[in-house]
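For reference, the structure is listed below as structure tokens.
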Protein chains: 2
Amino acid sequence: MTEKLTIRDIARLAGVSKSTVSRVLNAHSNVDAATRERILNVMQEHGFMPNAAATGLAKGHNPLIGLLVPALTWELVTDVLQGVAAVIEDTQYEIILYSASPEKDFSFIIDRMLATNMAVGLLALLHTQSPQHLVELHERGLPVVLINHVASRANLPWVGIDNAAAASAAVRHLLDLGHRRIGCILGLPEIPCTHDRYQGYCQALHEAGLEVDPALVLQGDYTCEGGRHCARQFFAMDTPPTAIFASNDLTAYGVLQAAEEQGIRIPEDVALVGFDDIPPSAHVQPPLTTIHHPFKEMGRHAAQLLLTLINQRDVYSNRRKKGQVAPVEEQITPSHIILPTHLVVRKSCGATFTINSI
Amino acid sequence: MTEKLTIRDIARLAGVSKSTVSRVLNAHSNVDAATRERILNVMQEHGFMPNAAATGLAKGHNPLIGLLVPALTWELVTDVLQGVAAVIEDTQYEIILYSASPEKDFSFIIDRMLATNMAVGLLALLHTQSPQHLVELHERGLPVVLINHVASRANLPWVGIDNAAAASAAVRHLLDLGHRRIGCILGLPEIPCTHDRYQGYCQALHEAGLEVDPALVLQGDYTCEGGRHCARQFFAMDTPPTAIFASNDLTAYGVLQAAEEQGIRIPEDVALVGFDDIPPSAHVQPPLTTIHHPFKEMGRHAAQLLLTLINQRDVYSNRRKKGQVAPVEEQITPSHIILPTHLVVRKSCGATFTINSI
DNA sequence: TTGTATGCGTTATCAC
DNA sequence: GTGATAACGCATACAA
């Protein structure tokens, strides 16, 4: 079964020419309804599927969407993949996975992708600066969407969150619980969202009429070890903070470890809030209050946006071929999407009523 | 830059014909060394990369390796991806991602994959029975490797672990700590490794001269909730077990939750051992003693095995074309690979000396 | 509405 | 060793 049939075979079986088969394959309108039906039947009957390579060659590109992810270590990657897959798999496209690592940066992969002419679009999940390469690709006409990267400078479409607002909400929660000395453990300075989260911290304090005490702001690195290190510094102070805002959940885990080492109780002695809501956060002891980062939704929205862009480009290039110039009632597509975040209140912050504890 | 050059352009620039360019592209031996060098230079200079679709069409298949994963929820998927990516990205192949869900089973995806003629091989990460479809694919000549699935009946290549031996080691550890009443929370019956892990449990008891007490074997479902439910049953017994072997880490988390609910201390009152060593297990309180499941290594080995199989097939088909019949000194490739596991001793089992606690 | 002819970029089969 | 030329399977401008 599923012998390698070609449109030629289908054409013969249906008593038409290859062209007509190709037309129904591409949903062209100018095909007689009866003929279309007949061809469709033959296809169904024989389980025909067009050869992708041939289609790709003729059309100039393959039905592939590149997904560029950093070293696949983050829990977030799984979620993003899920979101992307959920959308893409309902379409004709396939996902082709590119992973980058420090040693092997994207530039190589991207060149290869473009040169071999395999993909029609690219989703890129980045945690460092957006490489100039992506901008180039975009300017050359390859649809590109950045995931989790609010690149206001670069004119690339992206989907992300408002890190500052989210961080602000987290800190405000601590303020509402009565805390006034709130420590902050920063993330890696080279990652853009680090700055935004710090800004959110500052803003929440300002809005509460408080000054930012530089002694309460320590430099972390988004790792467990970094968090542990900073927490020890906090705990060693004459007047330690009564609450800590950690720039991500891993950092918060480090704080938990340091606290346990020194017999400091969380949240009784020190309240703690993280950021990202990665899976372990529901299981650590005490469960971590944190900002839910909608990774899956980001993947979903990014994929949808990309599909829209691909579609638009196709429509545009078709028009151009047909001599039309001015876009008629062009559909406006937002190219920057900010998804909402929310605070997940668990036990580590000491709020009296906890919701969604698992 | 990187304008769309074809071998035709390269040929012109190097003063040769397309054929010769194609030959150096495919590393054919019958090309003059000087000519080859010249062509290679021109390619390098212009950053030429052959169009993949065209190559695929001419050769009959694309340089793509399918990776079939279940619903992308498991932490394990991330690790497997890493392992696979690490190997595949050093080759000419790309990874094309297929994800399956209960509603959308593989058969569709597989047919599509085969029919469209996109991939040269398939890696499949399964947690249920190996679908007959994969066997069909394999018998039709498509290299297939199963990941984390010891399918002794089906004649498919696979890489997995010895679940029984690993479970046995976990239970033996509890026995060595002096426990005699050891509860067991089973996984889903439809998943093959469930049975193996239970066998390991039984075997360890038998080797210690103990009988399996049916009252101490509860039916879980590999989820947190299932574990919690079973743990409550255990704790409600007149003489509860002094130790629990959970069939996976999520189940163990449920036990931890149930214990905390009821003020039962782990490991002081009940010792606990899990299975899989997913990332949160190092962070839960107390950190979980568990069997390390080498997901990443499985991915790596599976990818390598697949590449070997693809290569063998190519060599074979080439030989056949050239009229050779008998394989000369055929390289024997193991088609079944069992990777070692090990017990990661953390605090939940109550062992006095703990290693690798984070 | 349908068929014919040509091109997509590469590989492979021939000759030379 | 090298160069024409025919596939590979499909899409499409053009003719009918």
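Reminder, nothing fancy here: chain letters follow the sequence lines and each chain counts from 1. None of these values were measured; they are calculated from a predicted model.
- A donor-acceptor pair under 3.5 Å links the side-chain atoms of Asn26(B) to the main chain of Ser22(B), judged by distance alone.
- Under the side chain to side chain contact (heavy atoms under 4.5 Å, CB included) criterion, Ser335(A) pairs with Pro157(A), not counting sequence neighbours.
- Nearest nucleotide to the side chain of Thr55(A), out of dG9(D), dC10(D), dG3(D): dC10(D).
- For the pair Lys59(A) NZ and dC10(D) P, the interatomic distance rounds to 12 Å; values are reported in whole Å.
- Contacts classified as salt bridge (Lys or Arg N to Asp or Glu O under 4.0 Å) and involving residues 33-56 of chain B (residues at least two apart or in different chains) are not found.
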Identify all pairs in which a protein N or O lies below 3.5 Å from an N or O of nucleotides 4-6 of chain C, and state each distance.
{"unit_1": "dT4(C)", "atom_1": "O4", "unit_2": "Ser19(A)", "atom_2": "OG", "d": "2.7"}

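- A search for side-chain hydrogen bond (donor to acceptor under 3.5 Å, both in side chains) contacts involving Glu297(A) returns Arg300(A), not counting sequence neighbours.
- Rounded to whole Å, atom P of dG9(D) lies 9 Å from atom NZ of Lys4(A).
- An end-to-end axis angle of 40° holds for the helix from dT1(C)-dA16(D) to dC16(C)-dG1(D), taken from five base pairs per end and rounded to 10°.
- Contact annotation: Ser22(A) side-chain N/O to dA11(D) OP1/OP2 distance is under 4.0 Å.
- Taking CG from Leu125(B) and CG from Leu146(B), the interatomic distance works out to 9.0 Å, rounded to the nearest 0.5 Å.
- Residues passing the side-chain hydrogen bond (donor to acceptor under 3.5 Å, both in side chains) test with Arg8(A), sequence neighbours excluded: none.
- Pairs engaging residues 10-22 of chain A under the salt bridge (Lys or Arg N to Asp or Glu O under 4.0 Å) rule: Asp9(A)-Arg12(A) [sequence neighbours left out].
- Listed by chain and number, the residues in a side chain to side chain contact (heavy atoms under 4.5 Å, CB included) with Leu142(B) are Met113(B), Leu122(B), Leu137(B), Val144(B) (sequence neighbours excluded).
- The NE2 atom of His61(A) sits 16 Å away from the C1' atom of dG9(C) (whole-angstrom rounding).
- For the contact set between residues 29-40 of chain B and DNA chain C, defined by any heavy atom under 4.0 Å, there are no members.
- Checking side-chain atoms of Glu94(A) against main-chain N and O of Tyr98(B) turns up no donor-acceptor pair under 3.5 Å.
- Put simply, CZ on Arg8(B) is 12 Å from C1' on dT10(C), counting in whole angstrom units.
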Output a table of donor-acceptor pairs, distance under 3.5 Å, between side-chain atoms of residues 48-57 of chain A and any protein atom two or more places apart or on a different chain; print 'none' if there are none.
{"unit_1": "Asn51(A)", "atom_1": "OD1", "unit_2": "Ala53(A)", "atom_2": "N", "d": "2.7"}
{"unit_1": "Asn51(A)", "atom_1": "OD1", "unit_2": "Ala54(A)", "atom_2": "N", "d": "2.8"}
{"unit_1": "Thr55(A)", "atom_1": "OG1", "unit_2": "Asn51(A)", "atom_2": "O", "d": "3.0"}

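- Each salt bridge (Lys or Arg N to Asp or Glu O under 4.0 Å) pair with one or both residues in residues 46-71 of chain A, not counting sequence neighbours, would appear here, but there are none.
- In this structure, CG of Leu5(B) is placed 12 Å from C1' of dG9(C), rounded to the nearest angstrom.
- Rounded to a whole Å, the CG atom of Leu25(B) is 11 Å from the C1' atom of dG9(C).
- Taking Asp32(A) as the reference, nothing meets the salt bridge (charged side-chain N to carboxylate O under 4.0 Å, His left out) condition, with sequence neighbours excluded.
- Rounded to whole angstrom, the span from the CD1 atom of Ile7(B) across to the C1' atom of dT2(D) amounts to 14 Å.
- For Asn62(A) and dC10(D), the CG to P distance is 13 Å, given to the nearest whole Å.
- Sequence order on DNA chain D of the closest nucleotides to Val16(B) and His28(A) puts Val16(B) first from the 5' end.
- Residue-level contact check: Val21(A) touches neither bases nor backbone, having no heavy atom under 4.0 Å from any strand.
- Taking the side chain of Phe48(B) as heavy atoms from C-beta on, and the options dA11(D), dT11(C), dT10(C), the nearest nucleotide is dT10(C).
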